[in-house]
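Below is one structure. I have some questions about it.
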Amino acid sequence: MSKSIKSKENWVELLLAWSSCLDRELPWRERYPRNPYYVWVSEIMLQQTRTEAVKPYFNTWIHKFPTVHDLAYAEESEVLHTWQGLGYYNRARNLQRAAQEVESKYGGNLPETRSELESLPGIGSYTAGAILSIAYGQREVAVDGNILRIYSRLYNIEEDIMKSKGKRKITQLVEETLPIPAGIFNEALMDLGQEICIPKYPKCGECPISMACDAYVLGKEKTLPIKTKKKAPKEYYVACALIMKDNKFLMHKRADKGMLASMWEFPMIIDESADKSVHDLFILWGEESNVDSIWTYSHTFSHQIWHMSAYLIKQKNQIVLDKNLKWFSSEEYMHIPLAGPHARLAAWAKKILK
DNA sequence: AACTCGGGGGA
DNA sequence: TCCCCAGAGTT
């Protein structure tokens, strides 16, 4: 039997041996058995987000909301404020809603079946599999971006891993190779995906299972996986109003659905035309005290680009406040969830009040 | 199946 | 610049 064939059979063992030596120190991996709530919070935070970005948020989160109960009864604004800067804010809202359901329906204990977990908001097939395998020791697959990439290379899968056909094929393959304990194996694959089998230039020279890897043997490690490109972000022009009264700024709470839901912003008009956004801002909020913008910034989201400009505006005589329109001092607005680039504008605008 | 939803880090 | 990342929900 040739070495490569033998390695193909043994790659799971080789991977597990490698990862046990690696012993990564992560805040959500501190003890055995794992705290299911910690696993849950970390998996939600890690969706589409790098480990290094998550670490400080995870520690702050656990400090503020140590248990499912604490999260369930927290103010939504504090939940969003704690998540501010991490992105994909529906994750935070869904996490709290799910915590409320776990509290009321399951007595504060995260359920241990795939169907019950996937019925909770924010928990899909990947996260359910991660919780079941890592926190509860069940033999369940958890197919994330790392696993799609690694299996595409290991088994020379040329299907597009972003499409359901490719994902189905790889999920089937993972199911066939999944050992016990699956949690250790799933974590080992994620470690390999972050440390070695990285997207652009995989470090095959350091890889413990390169001899079992079809892509490496065939010299295709840089061309796999096949993945569709994302389309270019759409560009918008955003005019922001700085309206002051009694050393406070007027601020607006965004709708509870859609982009940056329920987060606060300076009153703004967004449009595909720069001129129209500024024109409409003055129509709606009043006469400009200076026709020139006093602050500009371009912010790139994953699917939109906002070209922002801020204007000092003399307030109209009548501004009808409601729960979504309030005055905040620069001290006060550091404690509310600020919408994306508005956090940057808020930090800058503090000096106007001095 | 295609689209929305954030932000930051690396080459 | 461009690309990617421990995905889920909606249409």
Side-chain angles (χ1 to χ4, degrees), chain A residues 24 26-29 34 38-58 80 83-95 97-98 117-135 140-150 160-168 171 174 183 185-195 197-203 222 225 227-234 254-263 298-306 337-344:
Chain A
R24 294 175 71 201
L26 298 169
W28 46 92
R29 286 190 187 180
R34 297 285 164 73
Y38 286 19
V39 174
W40 179 23
V41 171
S42 68
E43 291 301 340
I44 300 296
M45 286 187 170
L46 285 160
Q47 290 169 7
Q48 299 294 290
T49 309
R50 295 173 188 281
T51 305
E52 290 307 314
V54 166
K55 280 182 183 175
Y57 281 89
F58 178 85
L80 282 174
W83 203 275
Q84 182 180 315
L86 198 55
Y88 288 149
Y89 298 94
N90 268 332
R91 294 184 295 176
R93 298 150 56 80
N94 284 334
L95 188 51
R97 288 172 187 160
L117 284 173
E118 289 187 1
S119 77
L120 294 168
I123 299 184
S125 59
Y126 163 74
T127 305
I131 292 171
L132 291 171
S133 64
I134 296 170
E140 290 283 342
V141 298
V143 180
D144 72 330
N146 288 306
I147 293 192
L148 290 172
R149 183 173 63 255
I150 292 170
D160 188 329
I161 61 167
M162 298 303 284
K163 298 193 171 179
S164 49
K165 188 178 175 186
K167 289 182 181 175
R168 266 201 308 277
T171 302
V174 177
F185 176 71
N186 288 335
E187 286 184 328
L189 281 171
M190 296 176 205
D191 292 343
L192 187 75
Q194 179 165 331
E195 305 281 340
C197 198
I198 53 181
K200 276 204 167 176
Y201 299 100
K203 303 171 183 174
K222 290 190 182 68
K227 222 176 161 183
T228 48
K229 284 187 180 178
K230 284 183 186 169
K231 66 175 186 179
K234 189 170 180 181
R254 294 173 64 89
D256 61 7
K257 286 187 176 181
M259 195 171 169
L260 302 167
S262 299
M263 302 186 80
S298 286
H299 183 85
T300 303
F301 297 95
S302 53
H303 58 304
Q304 290 182 11
I305 297 174
W306 286 7
L338 294 170
H342 289 268
R344 178 181 283 253

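Just so we're on the same page: letters track the sequence lines, and every chain starts at 1.
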**Prompt:** Roughly how many Å is it from CD1 in A:Ile161 to C1' in C:dC3, rounded to a whole number?
**Reply:**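 Between C1' of C:dC3 and CD1 of A:Ile161: 13 Å.
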**Prompt:** Can you tell me if CZ on A:Arg24 sees more than 12 non-hydrogen neighbours from other groups inside 6.0 Å?
**Reply:**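 Atom CZ in A:Arg24 is crowded, with more than 12 foreign heavy atoms closer than 6.0 Å.
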**Request:** Measure the distance from CD1 on A:Ile198 to P on B:dG10 and round it to the nearest whole Å.
**Result:**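 For the pair A:Ile198 CD1 and B:dG10 P, the rounded distance is 12 Å.
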**Message:** If I take atom CG in residue A:Leu260 and atom C1' in nucleotide B:dG7, what distance separates them, rounded to the nearest angstrom?
**Reply:**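 It works out to 11 Å between those atoms.
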**Item:** Atom-pair distance (NZ on A:Lys55; C1' on B:dG8), nearest Å
**Value:**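 Rounded to the whole Å, the gap is 15 Å.
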**Request:** Please report, rounded to the nearest Å, how far the P atom of C:dT1 is from the NZ atom of A:Lys200.
**Result:**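 Going from A:Lys200 (NZ) to C:dT1 (P), I get 15 Å.
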**Message:** Given 3.5 Å as the limit, does a donor-acceptor pair link the side chain of A:Tyr38 with the main chain of A:Phe58, or not?
**Reply:**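 Such a contact is absent between A:Tyr38 side chain and A:Phe58 backbone.
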**Prompt:** Can you tell me how far CD1 of A:Ile131 sits from CD1 of A:Ile134, rounded to the nearest 0.5 angstrom?
**Reply:**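 It is 9.0 Å, given to the nearest 0.5 Å.
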**Item:** N or O in side chain of A:His303 less than 4.0 angstrom from B:dT4 OP1/OP2
**Value:**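 For B:dT4, neither OP1 nor OP2 has a side-chain N or O of A:His303 closer than 4.0 Å.
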**Item:** Reading 5' to 3' through nucleotides 5-11 of chain C, protein heavy-atom contacts under 4.0 Å coded B for base, S for sugar-phosphate only, - for none
**Value:** BBBSS--
**Asked** Is the distance between the ring centroids of A:Trp83 and A:Tyr57 less than 6.0 Å?
**Response**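 Aromatic pair excluded; centres sit 6.0 Å or further apart.
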**Request:** Identify the nucleotide, in any strand shown, that forms a Watson-Crick or G-U wobble pair with C:dC2, with both distances under 3.5 Å; if there is none, say none.
**Result:**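 For C:dC2, the partner nucleotide comes out as B:dG10, under the 3.5 Å rule.
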**Request:** Check whether any side-chain N or O of A:Asn90 sits under 3.5 Å from a backbone N or O of A:Gly258 as a donor-acceptor pair, and report yes or no.
**Result:**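 Flag not set: sc A:Asn90 to bb A:Gly258 has no pair under 3.5 Å.
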**Request:** With P as the reference atom in both, quote the distance from C:dG9 to B:dG8 in angstrom, rounded to an integer.
**Result:**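 Nearest-Å result for C:dG9 against B:dG8 at atom P: 24 Å.
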**Asked** Should A:Glu43 and A:Arg91 count as an ion pair when the cut-off is N to O under 4.0 Å?
**Response**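 Salt bridge flag = no for A:Arg91 with A:Glu43.
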**Prompt:** In whole angstrom, what separates A:Arg344's CZ from B:dG7's P?
**Reply:**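 Whole-Å distance recorded here is 11 Å.
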**Message:** Between A:Tyr201 and A:Phe301, which residue's closest nucleotide on DNA chain B lies nearer the 5′ terminus?
**Reply:**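 First, find each residue's nearest nucleotide; the 5'-ward one identifies A:Phe301.
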**Asked** If we take the P atom in both B:dT4 and C:dA6, what is their distance in whole Å?
**Response**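 My reading of the P atoms in B:dT4 and C:dA6 gives 23 Å.
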**Message:** Using a strict threshold of under 4.0 Å (side-chain N to carboxylate O), is an ion pair present between A:Arg149 and A:Asp144?
**Reply:**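 Salt bridge: no.
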**Message:** Whole angstroms only, please: what is the NZ-P distance between A:Lys165 and B:dA2?
**Reply:**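 Rounded to the whole Å, the gap is 13 Å.
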